[in-house]
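Comments concern the structure below.
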Amino acid sequence: MITHQSPYYITTAIDYVNAAPHLGHAYEKIATDVIARFYRLQGRPVRFLTGTDEHGTKVAKTAESKGLDPKVYTDRMSEQFKDTWTCLNLTYDRFIRTTDPDHYEVVASLWKTMQAKEDIYKASYTGQYCPGCENFLLERDINEAGECQIHLKKPDAVEEENYFFKLSHYKDDLRTLLKSEGFIKPEFRKTEILNMLEELEDISVSRPTDSVSWGIPVPGDPGQTIYVWVDALSNYITGAGYQHDDSLFQTFWPADCHMIGKDILRFHALYWPAMLMSAGVELPKSVYAHGFINLNDAKISKSIGNVVSPQDLVNRFELQNADPIRYYLMTVTTFGQDGNFTEDDFKSRVNADLANNLGNLVNRSLNMTQKYFDGLVPVLAGVDSGTLYQPDPTYLAEMTAYYTGLSDGHEEKKKWKDGYVFPSAESEPRFLNALFRNSDGYLPSQPLDQLLDDVRFKYQCFDFEFALFTTFFHLINPVNQFIDAMAPWTLAKEGDTEKLARVLYSVLERIRQVAILIYPVTPLLAQNIFEQLGYTVSEKNKELTLNGQPLQWDNLYEPLPFGQAIHLTGPLLPRLDSEIVGASGKKK
RNA sequence: GGCAUAGUAGCUCAGCUGGUUAGAGCACACGGUUCAUACCCGUGCGGUCGGUGGUUCGAAUCCACCCUAUGCCA
């Protein structure tokens with residue numbers, strides 16, 4: 001690994017263990033894993049934190065209802081989350097639990113620092129308390145008759161002593177932060193939070209232990225329990241070694257990105273930075289609020305009964321692994337916006353993109369290699385593989401002339417619409433150049449290296465949909481077209497071995513590149529491709545190694561070794577043809 | 001009720017700061033091919049861009065109001 005690159009620290013929201021993990025939880029974790037894998041490919045030291053939020057009355061009550069000690073209950077639930085993340089093949093570096101001992105220490109310490117700064121004070125709080133809920137009600141929990149929506153009883157006005165955090169004190173600093181470039185992502189969320197700022201008040205940060213006992217006690221006041229957000233948000237610094245591992249903390253803090261759902265942006269963009277300001281800790285560089293995923297057009301919720309876990313989907317569609325789920329979720333919508341997971345769309349998209357376009361391409365190419373070259377990557381006579389990606393002046397001149405010939409964008413678009421420049425038999429040598437040199441003859445408007453850079457840029461912007469669209473539309477599909485145009489089976493019949501070698505090599509080489517591009521999203525498919533291409537593949541420190549070397553983005557320009565023995569093992573991904581069962585779990 | 005985001009072909013979505021006949025993929029129809037996972041390649045079908053008004057020579061794109069969905073807040 002190249003270690004001179006700057007470290008990258010990304011976190012997910014920690015999940016509340018009161019409910020089992022479902023597709024919504026998975027969405028965020030997958031996106032974060034994609035980013036983590038992408039940055040590892042870039043050679044940056046990455047730290048990826050996820051975990052569970054385990055304190056609070058609800059959890060204590062649920063545990064009690066099952067006759068369990070809260071700790072025993074949360075032990076079980078956090079294992080369930082870990083199992084799910086294993087199923088999704090997540091590469092997190094630590095799974096933090098708010099019940100972890102070091103987290104207790106960090107929260108207590110953070111509290112004391114904020115208290116020493118005189119940002120925490122005690123005051124009385126009056127709220128509408130519902131005995132049925134064992135909690136204070138928010139306005140939205142109360143119906144028009146002034147009753148609790150759930151228990152249909154009027155709540156009691158209860159007054160209790162709480163500690164408060166001087167959030168309002170940080171209004172101006174927060175405004176400056178929020179307005180700064182790139183702190184809140186996507187950009188359109190900025191307005192929403194800035195508007196909230198004006199009505200910012202101090203927040204309650206503790207509850208009497210009588211009401212909430214399952215939590216971290218306030219230092220020096222055992223009668224109070226630290227409230228959920230101070231506890232939960234602090235996980236991000238605990239997970240970076242705050243006060244426990246100085247070298248880790250210095251390496252990875254401040255976090256590069258807190259990946260969260262749009263519902264909790266307020267806490268991450270206002271409360272959390274203010275707490276850090278108070279404690280004198282550096283602020284995270286960005287907070288990314290992603291959208292929600294619906295399931296078959298319905299909100300994912302217990303009451304609707306459409307809670308589906310990734311494991312459920314793997315079983316239902318008889319998937320070999322979760323890659324198709326990862327792929328679908330990352331392409332179903334523009335990241336940041338809400339999306340909809342539809343099961344028959346899932347099936348058809350996975351079949352079309354992964355099985356047919358990519359899978360079949362890999363399969364047909366390797367089959368031909370097996371058949372025509374005894375399973376060895378074709379050797380290009382008289383070509384030094386080290387020079388394959390060196391610019392070819394003749395070709396560059398040709399391309400330049402082509403671009404210059406286009407008077408404006410309109411004409412270029414027209415050419416695009418008229419169809420790609422198909423290689424005739426005569427133009428074939430140029431086309432081969434295109435496949436493994438700097439430019440791609442199929443798409444004259446976009447040289448190959450630009451396309452590859454474009455994919456990288458899209459990943460950097462968390463624009464996963466476009467990163468993959470570009471890969472499939474501009475890099476994979478053209479290879480299928482190329483194969484048809486070149487008709488290697490005809491070349492084989494005619495005995496034109498040299499040309500056959502060039503065509504097939506070009507195809508295999510492009511497949512190799514594509515495997516790198518899709519690796520962050522579908523790591524196991526990528527791994528399978530590398531294995532079939534004949535590489536010795538293993539995993540080390542959450543990185544893939546090919547022939548002993550860690551896979552890196554730069555490998556895009558390190559071509560497939562001539563003569564490498566491929567390892568054909570059958571279809572990359574079988575088509576999904578299983579019957580679709582209703583999302584709600586209803587039978588067919 | 002306030003703030004924010006979204007509402008575009010049967011389905012999932014692109015369309016940046018307004019400009020010639022609104023774009024992909026999937027699905028569907030027809031043709032071609034056989035190396036391949038009933039696959040791949042080609043052609044075609046398909047939309048009065050949520051509604052109503054307005055600004056403009058010109059709006060899916062800007063403004064106002066309304067309807068619907070989602071999140072936060074009250």
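Letters A, B, ... mirror the listed sequences (proteins, then strands); counts begin at 1. These numbers come from a predicted model, not from an experiment.
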What is the nucleic acid contact for [X], judged by heavy atoms within less than 4.0 Å: base, sugar-phosphate only, or nothing?
X        : answer
A:Gly339 : sugar-phosphate
A:Thr334 : sugar-phosphate
A:Ala352 : sugar-phosphate
A:Arg349 : nothing
A:Leu572 : base
A:Met196 : sugar-phosphate
A:Tyr372 : sugar-phosphate

Legend entry - Residue from A:Thr331, A:Thr470, A:Thr333, A:Thr334 passing side chain to side chain donor-acceptor pair (under 3.5 Å) with A:Glu465: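 So the option named by the test is A:Thr334.
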Roughly, in whole Å, what's the span from [atom1] in [X] to [atom2] in [N]?
X        : N     : atom1 : atom2 : answer
A:Ile476 : B:G25 : CD1   : C1'   : 13 Å
A:Ile511 : B:C35 : CD1   : C1'   : 12 Å
A:Phe335 : B:A14 : CZ    : P     : 14 Å
A:Leu178 : B:C72 : CG    : P     : 19 Å
A:Glu465 : B:G15 : CD    : C1'   : 12 Å
A:Ile300 : B:G71 : CD1   : P     : 12 Å
A:Leu573 : B:U37 : CG    : P     : 14 Å
A:Asp353 : B:U12 : CG    : C1'   : 11 Å

Looking only at side-chain N and O atoms, does [X] come under 4.0 Å of OP1 or OP2 in [N]?
X        : N     : result
A:Asn351 : B:U37 : no
A:Lys347 : B:C26 : no
A:Asn356 : B:C40 : yes

Aromatic ring pairing [X]/[Y], orientation class (parallel under 30°, perpendicular over 60°, tilted between):
X        : Y        : answer
A:His22  : A:His25  : tilted
A:Phe464 : A:Phe462 : parallel
A:Tyr327 : A:Phe472 : tilted

Inset, instruction - Give a yes or no on whether A:Phe457 atom CZ has more than 12 heavy-atom contacts from other residues, nucleotides or ligands under 6.0 Å away. - result: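 No.
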Pairing check on [N]: which nucleotide meets the Watson-Crick or G-U wobble criteria with it, both distances under 3.5 Å?
N     : result
B:A29 : B:U43
B:G18 : none
B:A6  : B:U68
B:U12 : B:A24

Please confirm whether [X] and [Y] have ring centers closer than 6.0 angstrom.
X        : Y        : value
A:Phe317 : A:Phe346 : yes
A:Phe335 : A:Tyr288 : yes
A:Trp229 : A:Phe267 : yes
A:Phe562 : A:Tyr505 : yes

Side chain of [X], heavy atoms from C-beta onward: which of [options] has the nearest atom to it?
X        : options             : value
A:Asp263 : B:C72, B:C26, B:A36 : B:C72
A:Asp484 : B:A36, B:C13, B:C40 : B:C40
A:Ile483 : B:C35, B:A24, B:G42 : B:C35
A:Arg575 : B:U37, B:C41, B:C72 : B:U37

Please list each protein N or O that sits under 3.5 Å from an N or O in nucleotides 1-11 of chain B, with the distance.
from, atom 1, to, atom 2, distance (Å)
B:C3, O3', A:Asn195, ND2, 3.3
B:C3, O2', A:Asn195, ND2, 2.5
B:A4, O2', A:Glu192, OE1, 3.3
B:U5, O2', A:Gln337, OE1, 3.0

Inset, instruction - Quote, to the nearest angstrom, the P distance that separates B:G2 from B:G19. - result: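 Those two atoms are separated by 32 Å.
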Inset, instruction - Using the P atoms only, state how far B:A59 lies from B:C67, rounded to an integer number of Å. - result: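 Going atom to atom, P in each nucleotide, I get 26 Å.
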